[in-house]
Amino acid sequence: MAPGTVQLNIFAWNQKLTKYVKEGQPEKTMQLFQQMQQEEISPNEFTFVPVINACAGLGALEDGRLVHEQLIQSGCKFDVFVGNSLVDMYAKCGSIEDAWRVFNKMPCQDVVTWNAMILGQVKCGQGQKALELFREMEQEGRVFDKMPSRNVVTWTAILLGYVKCGQGQKALDLFQEMKQEGVHPNAFTFVAVLNACASLVALEDGRCAHEQIIQSGCESDVFVGSSLVDMYAKCGSMEDAWKVFNKMRSRDVVTWTAILGGCAMHGHGKDALQHFERMCEEGVEPNDVTFVCLLSACSHAGLVDEGMHCYTSMITDYMISAKLEHYTCMVDLLGRAGHLQEAENMIMAMPFEPHVAPWMALLGACRIHGNVEMGERVAKQILELDPENSAGYVLLSNIYAAAGNMHLSKNVEQQRKERGVKKHPGRTWIEVNNEVHTFVVDDQDHPQMIEIRAELQRLSGLMHDAGYVPDTNFVLHDVEEEEKLFHLCHHSEKLAIALGLINTPPGTPLRIRKNLRVCEDCHTSVKFISKVVGRAIMVRDVNRFHHFEDGICSCMGYW
DNA sequence: CATTCATAAT
């Protein structure tokens, strides 16, 4: 063999290994690596990088360790690229300890090494640890007066970390800090920012991000476009979601699914069905998530026959097998429409381990239709599967209360307390003048509390005159009747609405977000409030949007 | 000759 031939060969092999990784075919990379070993081709450091990468892509920790061993035995140069691949691989495979071991062995770490560590921490939900690393990088940058030690990837990773653990506001604050440091956001960053806005129902921040997206030229990125559609839908503006959607030059299945999900959330069932047709006509193949959104849209609009048809079509025409989420949608669809027995049969026919989600959907339906007998049976199932499920107790208690059996209703609450199962505290958020405020029940802490109380008092009078009668069955605190009335006035959504009313000009629509479902009494109250103050009020609860206007809610009872 | 870190829908 002529000198140089081997080098040329290894180059070709390495290129092929890299090509497979880039194409998203890590299995092929591994196969090719096997073949190289069979043909006794000695690898170099350029060989190991794509192979380690492939292990990361496959989440194959054991293979990764073996390759790491081989790397050491091969005597190849252990440079920063190889080290970074290893850190990334261990972090992605969930072994942070191994990632740290490699990190500490590396003679010098660069920004990529740090980023891989931060992302590893974010991935396993260790947001705090990720932030510590991020701040540490800031220190190092100053102490050594090197090149900026953090780049746009670092910032984006931290933004994602915040969004992931429900700290959207901190993500938005950090986004400002990032720009002040002169780091330019890119498509990845904007996706994280839009996600934060969506999670907060921060429409104004979302619009602001949209403007920056246009300025930066990321507008045509399909990830950014899909995130914009999702953000606008989740912030209550389907009008803007459609505007973005219609302007997009290329739309993939995720884009379509995002708009269908928006239709579902807003109760636009017919729109969802119509655009699902259009999606198929345009040759975009729906997937399982697309059908979750479509079925949920049918459910939230009470389109039973259409939903049944979609479900059958999914299985027979698209060969997509029903997952837990699809069953849950179908139980919800049938249950809401009053087909309780069919819904229960559906759960019984599920080919999976029992799960609370479809049972909860059925229990909700039992509450809507006042079926005490089935409700008891279903609640029992739920509490066997998940004894900590406070919503199971609350719904059953509501079912008894609605049936007029206050004794049993109180018993259930009593049982819940005895077993130490805590209710999830209800919380409401509202964006007023670009600032998000949060409230819990009976909140006294807001700086404008005096004005809020006065506003509630005023509303109470107006609502009374309009014919509103409080429904005390849905206040399940262990309190006397007069006190109940007091509590009803102070559910967190009412506090938030009062704040919104006193801080915005007459006629301004209000947008609020809840972490739970709206209670029956609040739902009725908000209808009255929308009428007596002449405001559109949008409430996003855990399931969907309620658009209240002139005494009517868009959900038409389907929630 | 080349290689490493990041993104959307339930």
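Note that the structure is predicted; figures quoted are calculated from it, not measured. Numbers restart at 1 for each chain; the letters A, B, ... are given by sequence-line order, proteins then strands. All values below come from the heavy atoms of this structure, side chains included, with hydrogens, waters and symmetry mates left out.
As a whole-Å value, the separation of A:M248 CE from B:dA9 C1' is 12 Å. Distance A:Q15 CD to B:dC1 P: 12 Å, rounded to the nearest Å. Distance CG (A:D252) to C1' (B:dT7): 12 Å, rounded to an integer number of Å. In this structure, CD of A:E45 is placed 13 Å from C1' of B:dC1, rounded to the nearest angstrom. Across the protein-nucleic acid pair, A:N186 atom CG and B:dC5 atom P stand 15 Å apart, rounded to whole Å. Nucleotide B:dC5 holds its P atom 15 Å from the CG atom of A:L160, rounded to whole Å. Rounded to whole Å, atom P of B:dT7 lies 23 Å from atom CD of A:E219. Between the NZ atom of A:K16 and the P atom of B:dA2 there is a distance of 20 Å, given to the nearest Å.
Side-chain N or O atoms of A:R511 include one that pairs as donor or acceptor with a backbone N or O of A:C235 at under 3.5 Å. A donor-acceptor contact shorter than 3.5 Å is absent between the side chain of A:K234 and the backbone of A:S199.
The NZ atom of A:K164 lies 14.5 Å from the CG atom of A:L159; values are rounded to the nearest 0.5 Å. Here the straight-line distance linking atom CD of A:E45 with atom CG of A:N14 works out to 9.0 Å at 0.5 Å rounding. Put simply, CZ on A:F291 and CZ on A:F276 are 3.5 Å apart, with the number rounded to the nearest 0.5 Å.
Side-chain proximity of A:V152 to B:dA6, B:dT4, B:dA9: nearest is B:dA6. The A:V222 side chain lies nearest to B:dA8 when the options are B:dT7, B:dA8, B:dT10. When each of B:dA9, B:dA6, B:dT7 is scored by its nearest atom to the side-chain atoms of A:T156, the top-ranked nucleotide is B:dA6. Of the candidates B:dA8, B:dT4, B:dT3, B:dT3 carries the atom nearest the A:F46 side chain, counting heavy atoms from C-beta on. The nucleotide whose nearest atom lies closest to any side-chain atom of A:N151 is, among B:dT3, B:dC5, B:dC1, B:dC5. In this structure, of B:dA2, B:dT10, B:dT4, it is B:dT4 that holds the atom nearest to the side chain of A:D110.
No contact: A:A157 has no heavy atom under 4.0 Å from any strand. Heavy atoms of A:N14 sit under 4.0 angstrom from at least one base atom.
In terms of polar N and O atoms assigned as donor or acceptor, the side chain of A:S226 comes within less than 3.5 Å of the base of B:dA8 in a complementary pairing.
At a cut-off of 3.5 Å, with distance as the only test, no side-chain donor of A:D288 or A:H326 sits close to an acceptor on the other residue. Side chains of A:Y232 and A:H210: a donor-acceptor N/O pair is present below 3.5 angstrom, by distance only. Checked by atom type, the side-chain pair A:S227/A:D230 shows no donor-acceptor distance below 3.5 Å.
By the criterion of a centre-to-centre distance under 5.5 Å and near-parallel planes under 30°, the ring of A:F81 forms no stack with the base of B:dT4.
Looking at residues 295-314 of chain A, you'll see that no heavy atom sits under 4.0 Å from any atom of DNA chain B. Residues from residues 114-124 of chain A placing a heavy atom under 4.0 Å of any atom in DNA chain B, listed by number, are A:N115, A:L119.
Ring orientation note: the planes of A:F245 and A:W242 are nearly perpendicular, at an angle over 60° on the 30°/60° scale.
Between A:R101 and A:D98, at least one side-chain nitrogen of the basic residue sits less than 4.0 Å from a carboxylate oxygen of the acidic one, meeting the salt-bridge criterion.
Residue A:K234 places at least one side-chain N or O closer than 4.0 Å to OP1 or OP2 of B:dT10.
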